[in-house]
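Here is the structure we will look at.
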Amino acid sequence: MVKWAVFGTAAVSVTLLIVSIVLLLTHTFMDIVEGQVKQAIVLKNESEVFEDWANPPPPVYMQFYFFNVTNPLEVLSGEKPFVDEIGPYTYREYRPRENITFSVNGTEVSAVTPKTYVFEPEKSIGDPKVDLIRTVNIPLVTILEMTKDSSLLRLFIIAALKTYKEGMFVTRTVDELLWGYKDAVLSILHPFKKNISDTFGLFYKMNTTDDGEYIFLSGEKDYLEFTQIAEWKGQKALNWWTTETCNMINGTDGTSFHPLLNKDDTIYMFSSDLCRSIYAVYESSENIKDISVFRFSPPASVFANVSVNPQNKGFCVPEGNCLPSGLLNVSICKEGAPIVLSSPHFYQADENVINSIRGMKPVKEHHMTFLDLNPLTGTLIQAAKRMQVNVYVRKINVYPITQDIQTLFFPVMHLNESVLIDDKSAGRLRSILFQGRVVANIPFIIMGLGIILAFLFTTLSCLQKRSRDEGTEEERGPLIRAS
């Protein structure tokens, strides 16, 4: 009986070990997990994935940092600007999706995303309605550029500068610079150019409003297409840039991504703020709230000069007017305003751009844009979108007010739009990931059982051999006993 038990243990052990090895080589249970993820990560009405996409639970915060100019008179005489960073002024950002409509076959979903900003005093350095910032006069610089070739309008502008004592710098509250104030010079130009508002603000008309209708792919046909943008404002491509590649609308809106990410993946996103699509590559592996993540960030090539990245040729507008690395001219999509975007403190920009402004201190950890994504589900765990608004300032011969000023990319403010998964969502995701690990590790569990049985077989074999060697007491006695 013991003999059969030993042989049975050996047979089961070998079988389990062979089965576990076969399962590991064929990735059977990992394929099961991945198949379940592919089926689950689809936009379907009333599904958990859809609800999280339509009303994201994690809180989003927008932080604004302004650059206060401390030497305006020296700048007008040709010296370098010196700026002090003041901030943050933090706003809670609410961004539920509205007007959601599914296509007949469920492969596409249309929606708009209105954003509402609510001030968070406890997360801010001061009161935006009180705190004053001295910065470059963006409306005036814009008007000088727009009217430099019109002799009639120039007369009105020069007269307005004298009448209203407008200069190259303006002092306004944070609230006015963000959400808008009525500008005297813009008011003069408005009757001649109705498309130009008499009110200016960096986020004017951007509170409680959306940036247009998007059509997203649901991921029903292919998990790689999950929430990718098919159209924006009824267009499949942009028309601002000079090449087809630069006009492409690629990827998602940056809030959701397809599952089953690899370290060699390139993540594409479209940003209406940047007026273009960008991409991010793997940078490191992190752990956020006990959830493993891949950190992706845009490489320097995204905003590199054409000498470094020839594919950026289309972003040189007008054609051939290419800026130094780290800068993007978005005047073409900002109603002609000479706005140039960059990373905060000119992070990843050319050294000469950084050195042109005193007070710029680029630090990767504080100024990089990044996305922390769980590789199995594609869930966004943590992210920070960081961007700086600059104004292109130069000497314009027909306007004496600019006669001594240097050609500059003048920093006005930078922002940090950040999100961190909430505890409830993190707990739910950890539970899902644990279940996935259990299923994926079944081959190792089977292998473990096989190894345990192998030890049991070895032990039983040793005991059986020992029993045979020792024999019974009678067998161990002398062959001839004395009577």
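Only a predicted model underlies this, so the values are computations on that prediction, with no experimental measurement involved.
Side chain of N309 to backbone of S301: a donor-acceptor contact under 3.5 angstrom is found. Here the side chain of N71 pairs a donor or acceptor atom with the backbone of F82 at under 3.5 angstrom. Side chain of K313 to main chain of P310: no donor-acceptor pair is present (N/O by atom type, distance under 3.5 Å, no hydrogens or angles). Although no hydrogens or angles enter the test, the distance criterion places a donor-acceptor pair under 3.5 Å between the side chain of H345 and the main chain of K361. A donor-acceptor pair is defined here as one N or O able to donate and one able to accept, closer than 3.5 Å; no such pair exists between the side chain of D198 and the backbone of K182. With hydrogens and angles ignored, the 3.5 Å screen pairs a side-chain donor or acceptor of S124 with a backbone N or O of T90. At least one donor-acceptor pair closer than 3.5 Å links the side chain of R430 to the backbone N or O of K289. When atom types are taken as modelled, the side chain of N390 and the backbone of I339 share no donor-acceptor pair closer than 3.5 angstrom. Although no hydrogens or angles enter the test, the distance criterion places a donor-acceptor pair under 3.5 Å between the side chain of K80 and the main chain of N355. Remark: side-chain polar atoms of N68 are not paired, donor with acceptor, to backbone N or O of D84 under 3.5 angstrom.
When all heavy atoms of S342 and L327 are compared, the closest pair comes out as CB-CD2, 3.8 Å. The two residues I41 and F226 come nearest to each other via the heavy atoms O-CD1, 3.5 Å. Closest heavy-atom contact between G87 and I125: O-CD1, 3.4 Å. The two atoms that bring A230 and E108 nearest to each other are CB-OE2, 4.3 Å, heavy atoms only. Closest approach of T209 to K205, counting heavy atoms only: OG1-O, 2.8 Å.
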Exercise for the section: With salt bridge (Lys or Arg N to Asp or Glu O under 4.0 Å) as the test, would you mind laying out the steps for R97 and D253 before giving the verdict? Expected result: CA-CA 12 Å; R97 301 188 195 273; D253 63 358; 3.1 Å; yes
task = In sequence, state the C-alpha distance, the side-chain angles, and the governing distance for T407 and K395, and then conclude on side-chain contact (heavy atoms from CB on, under 4.5 Å).
result = CA-CA 7 Å; T407 297; K395 177 181 178 179; 5.8 Å; no
Using the side-chain contact (heavy atoms from CB on, under 4.5 Å) rule, take I143 and I196 through it: C-alpha gap first, then chi angles, then the decisive distance, then the call.
CA-CA 10 Å; I143 291 170; I196 297 177; over 6 Å; no
Practice problem: Starting from the C-alpha separation in whole Å, work towards a yes-or-no answer on ring pair (Phe, Tyr, Trp, His ring centres under 6.0 Å) for Y91 and F64. | Solution: CA-CA 8 Å; Y91 293 77; F64 298 101; 5.7 Å; yes
>> Please evaluate residues S110 and Y214 with respect to the criterion side-chain contact (heavy atoms from CB on, under 4.5 Å), reporting the C-alpha separation (whole Å), side-chain torsions for both, the decisive distance (0.1 Å), and the verdict.
In response: CA-CA 6 Å; S110 63; Y214 289 80; over 6 Å; no
Quiz prompt | F346/H414 under ring pair (Phe, Tyr, Trp, His ring centres under 6.0 Å): CA gap, chis, key distance, verdict | solution = CA-CA 10 Å; F346 296 122; H414 70 87; over 10 Å; no
Could you give me the CA-CA distance, side-chain angles and deciding distance for R428 and E48, then say whether salt bridge (Lys or Arg N to Asp or Glu O under 4.0 Å) is met?
CA-CA 11 Å; R428 190 176 63 193; E48 197 171 87; 3.6 Å; yes
*Carefully, step by step, assess Y117 and Y89 under the rule ring pair (Phe, Tyr, Trp, His ring centres under 6.0 Å).*
CA-CA 11 Å; Y117 300 94; Y89 296 91; over 10 Å; no
Begin with the C-alpha distance, continue with both residues' side-chain angles, and end with the deciding distance and a verdict on side-chain contact (heavy atoms from CB on, under 4.5 Å) for L186 and T199.
-> CA-CA 7 Å; L186 285 177; T199 302; over 6 Å; no
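Counting only heavy atoms from C-beta outward, the side chains of D265 and Y282 never approach each other to under 4.5 Å. Side-chain contact between V412 and L202 is present, with heavy atoms from C-beta onward closer than 4.5 Å. Side-chain contact check for F303 versus L341: every heavy-atom pair is 4.5 Å or farther apart. For the pair S285 and K263, the minimum side-chain heavy-atom distance is below 4.5 Å. Two residues are said to be in side-chain contact when any heavy atoms from C-beta on lie closer than 4.5 Å; T116 and T208 meet this criterion. With contacts defined as side-chain heavy-atom distances shorter than 4.5 Å, the pair F67/I357 does not qualify. Looking only at side-chain heavy atoms (C-beta outward), T142 and F200 stay at 4.5 Å or farther from each other. Side-chain contact between P338 and V141 is present, with at least one heavy-atom pair separated by less than 4.5 Å.
Under the disulfide (SG to SG under 2.5 Å) criterion, C246 pairs with no residue at all, not counting sequence neighbours. Annotation: side-chain contact (heavy atoms from CB on, under 4.5 Å) contacts of S325 (sequence neighbours excluded): A304, N305, V308, D350.
How far CG of L132 is from CZ of F66: 12.0 Å, rounded to the nearest 0.5 Å. Atom CD of residue Q406 and atom CZ of residue F409 lie 12.5 Å apart, to the nearest 0.5 angstrom. Atom CG in N250 sits 11.0 Å away from atom CD1 in I278 (nearest 0.5 Å). Note: N45 CG to F102 CZ = 5.0 Å, rounded to the nearest 0.5 Å. Atoms CG and OG1, on L217 and T227 in that order, are 8.5 Å from each other to the nearest 0.5 Å. In this structure, OG in S418 is found 7.5 Å from CZ in R386, a value given to the nearest 0.5 Å.
Judged by the 6.0 Å and 45° rule, R295 forms a cation-pi pair with F370.
A donor-acceptor contact closer than 3.5 angstrom is absent between the side chains of S425 and D52. Side-chain contact annotation: R154 with T147, donor-acceptor N/O pair under 3.5 Å absent. Counted by atom type alone, H367 and Q388 present zero donor-acceptor pairs between their side chains at under 3.5 Å. Counting only N and O atoms by type, the side chains of Y181 and T173 include no donor and acceptor under 3.5 Å apart. Under the 3.5 Å distance criterion, with hydrogens and angles disregarded, a donor-acceptor pair is assigned to the side chains of E283 and S297.
The number of heavy-atom neighbours closer than 6.0 Å to CD of Q311, taken from other residues, nucleotides and ligands shown, is 12 or below. Within a 6.0 Å sphere centred on CD of E74, other residues, nucleotides and ligands contribute more than 12 heavy atoms. More than 12 non-hydrogen atoms from other residues, nucleotides or ligands lie less than 6.0 angstrom from NZ of K334. Within a 6.0 Å radius of CD in E319, no more than 12 heavy atoms belonging to other residues, nucleotides or ligands are found. Within a 6.0 Å sphere centred on CE of M248, other residues, nucleotides and ligands contribute 12 heavy atoms or fewer.
Of the residues I291, D290, L376, the one that meets the side chain to side chain contact (heavy atoms under 4.5 Å, CB included) test with L429 is I291.
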Enumerate donor-acceptor pairs with a distance under 3.5 Å from any side-chain N or O in residues 267-275 to protein atoms, sequence neighbours excluded.
residue : atom : partner : partner atom : Å
S271    : OG   : D273    : N            : 3.4
S271    : OG   : L274    : N            : 3.3
S271    : OG   : K385    : NZ           : 3.4
S272    : OG   : D211    : OD2          : 2.6
D273    : OD2  : K385    : NZ           : 2.7

